[in-house]
Colleague: 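I have a structure I would like to understand better, so I am pasting it below and will then ask my questions one at a time.
All figures in this text were calculated on a predicted structure; none of them were measured in a lab. The residues of the chain are indexed from 1 along the displayed sequence.
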Amino acid sequence: EVGIEMHEIGHRILRNSLKHPDLLPNGKPNPKAGKLTKEGISAIEQFRNIVAKKSPRAKEYVDNIINERYRYKEVVGADGKIKKVQRSKEDYYEEYLNTYFSGLSKKAIAYEKGISETMSDFFLPFIRKIKPNYKRGKKYSTKTGEDLYTIMRDFHKTSKRSEIAEGLVELAKEGPKISIAEGKLE
């Protein structure tokens with residue numbers, strides 16, 4: 001089973017593309033470092049809408065976990081009682097992606113393939129016998145919800161083989177360094 005390691009690698013892959021940088025242009029520490037940008041939140045909102053359309057059950061599953069684990073923090077009120085307060089989206093929204101991936105990995109939810117993807121998955125191994133590099137070296141983007149959905153799909157597909165798609169490794173390299181080998185995880 002794919003576990004915490006892949007969850008954390010998911011964070012690393014998306015870190016610099018969805019979050020504020022660690023340093024400001026003047027080289028000083030960024031007070032918003034590690035927090036999602038407005039564009040990142042928007043892309044995740046789009047991703048959530050895609051998941052809702054393709055699989056309402058998956059959206060419900062993810063929303064329940066987010067609400068239970070990430071959306072709220074407990075604080076002690078002036079009266080001494082513990083209260084739940086909603087966190088800012090910039091602090092927890094990334095967890096929608098990782099929770100979706102974890103749900104797929106645990107088979108709690110299923111990825112809904114379209115007919116064209118099913119056909120592609122069937123024929124791709126045969127095509128690669130003739131053209132080994134066909135559809136390899138794919139470039140990934142995190143600008144839209146559709147981009148994020150594609151990343152989650154490909155990340156899930158390759159992680160089942162304990163691999164990471166080359167393009168996802170490249171996306172991760174744009175952020176802080178992580179210790180994984182190209183291809184197989186160690």
Colleague: Using a strict cut-off of less than 4.0 Å between a Lys/Arg side-chain nitrogen and an Asp/Glu carboxylate oxygen, indicate whether R48 and D63 qualify as a salt bridge.
Modeller: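 A salt bridge is present here (some side-chain N lies under 4.0 Å from a carboxylate O).
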Colleague: Looking at N98, is its backbone amide N or carbonyl O close enough to the side chain of S102 to form a donor-acceptor pair, meaning the two atoms are under 3.5 Å apart?
Modeller: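 Yes: the side chain of S102 pairs with the backbone of N98.
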Colleague: Over all heavy atoms of both residues, which pair between V51 and K59 is shortest? Give the atoms and the distance, please.
Modeller: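 Reported closest heavy-atom pair: CG1-N, 3.8 Å.
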Colleague: Could you walk me through whether K89 and E45 satisfy the salt bridge (charged side-chain N to carboxylate O under 4.0 Å, His left out) test, starting with their C-alpha distance in whole Å, then the side-chain angles of each, then the deciding distance to 0.1 Å, before giving a yes or no?
Modeller: CA-CA 10 Å; K89 287 180 181 180; E45 294 267 353; 2.9 Å; yes
Colleague: Calculate, to the nearest 0.5 Å, the distance between atoms OG and CZ belonging to S88 and R71 respectively.
Modeller: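 Between S88 OG and R71 CZ, I get 11.5 Å after rounding to 0.5 Å.
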Colleague: Check whether any side-chain heavy atom of M152 sits under 4.5 Å from a side-chain heavy atom of L97, and report yes or no.
Modeller: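 Yes; the side chains approach each other to less than 4.5 Å.
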Colleague: Determine, stepwise, if the pair L23 / K28 fulfils side-chain contact (heavy atoms from CB on, under 4.5 Å).
Modeller: CA-CA 6 Å; L23 299 175; K28 293 186 179 182; over 6 Å; no
Colleague: Report yes or no: do T144 and D147 form a side-chain donor-acceptor pair below 3.5 Å?
Modeller: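 Per modelled atom types, T144 and D147 side chains form a pair under 3.5 Å.
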Colleague: Ignoring hydrogens, what is the shortest heavy-atom contact between L104 and I109? Give both atom names and the distance.
Modeller: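 Residues L104 and I109, closest heavy atoms: N-CG1, 3.6 Å.
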Colleague: Give me the ring orientation class for Y96 and Y93: parallel if the planes are under 30° apart, tilted from 30 to 60°, perpendicular past 60°.
Modeller: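 Taking Y93 first and then Y96, their aromatic rings stand perpendicular (interplane angle over 60°).
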Colleague: For L18, is there any backbone N or O sitting under 3.5 Å from a side-chain donor or acceptor partner on T37?
Modeller: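 Present.
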Colleague: Heavy atoms, side chains only, cut-off 4.5 Å: are Y149 and K54 in contact?
Modeller: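 Y149 vs K54: side chains touch.
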Colleague: Identify whether the distance between the nearest side-chain nitrogen and carboxylate oxygen of K32 and E90 falls below 4.0 Å.
Modeller: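 Yes, charged N to carboxylate O under 4.0 Å.
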Colleague: What's the separation between atom CD1 in I82 and atom NZ in K73, rounded to the nearest 0.5 Å?
Modeller: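 With rounding to 0.5 Å, CD1 (I82) is 14.0 Å from NZ (K73).
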Colleague: To the nearest 0.5 Å, what is the distance between CZ (F101) and NZ (K106)?
Modeller: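 So the gap between those two atoms works out to 11.0 Å.
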Colleague: Do D91 and K35 have side chains that approach each other closer than 4.5 Å (heavy atoms only, starting at C-beta)?
Modeller: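 Of all side-chain heavy-atom pairs linking K35 with D91, at least one is under 4.5 Å.
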Colleague: May I ask you to check whether F47 and Y100 place their ring centres under 6.0 Å from each other?
Modeller: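 Distance test on ring centres: under 6.0 Å, yes.
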Colleague: Between Y61 and G103, what is the shortest heavy-atom contact and its length?
Modeller: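 Result for this residue pair: CE2-CA, 3.6 Å.
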Colleague: Less than 6.0 angstrom from the centroid, inside 45 degrees of the normal: does R87 satisfy that with respect to the ring of Y72?
Modeller: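 Output no; distance or angle outside limits.
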Colleague: Counting distance only, does the side-chain N/O of N30 pair as donor-acceptor with the main-chain N or O of D22 below 3.5 Å?
Modeller: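 Side chain of N30 to backbone of D22, a donor-acceptor pair under 3.5 Å: no, none is there.
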Colleague: Roughly how far, to the nearest 0.5 Å, is the CD1 atom of I41 from the CD atom of E94?
Modeller: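 One finds 11.0 Å between CD of E94 and CD1 of I41.
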Colleague: Report yes if some heavy atom in the side chain of T142 is under 4.5 Å from a heavy atom in the side chain of L148; otherwise report no.
Modeller: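 Result yes, sub-4.5 Å side-chain heavy-atom pair found.
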Colleague: What are the two closest heavy atoms between K83 and G77, and how far apart are they?
Modeller: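 Looking at all heavy atoms of both residues, the shortest contact is CE-CA, 4.2 Å.
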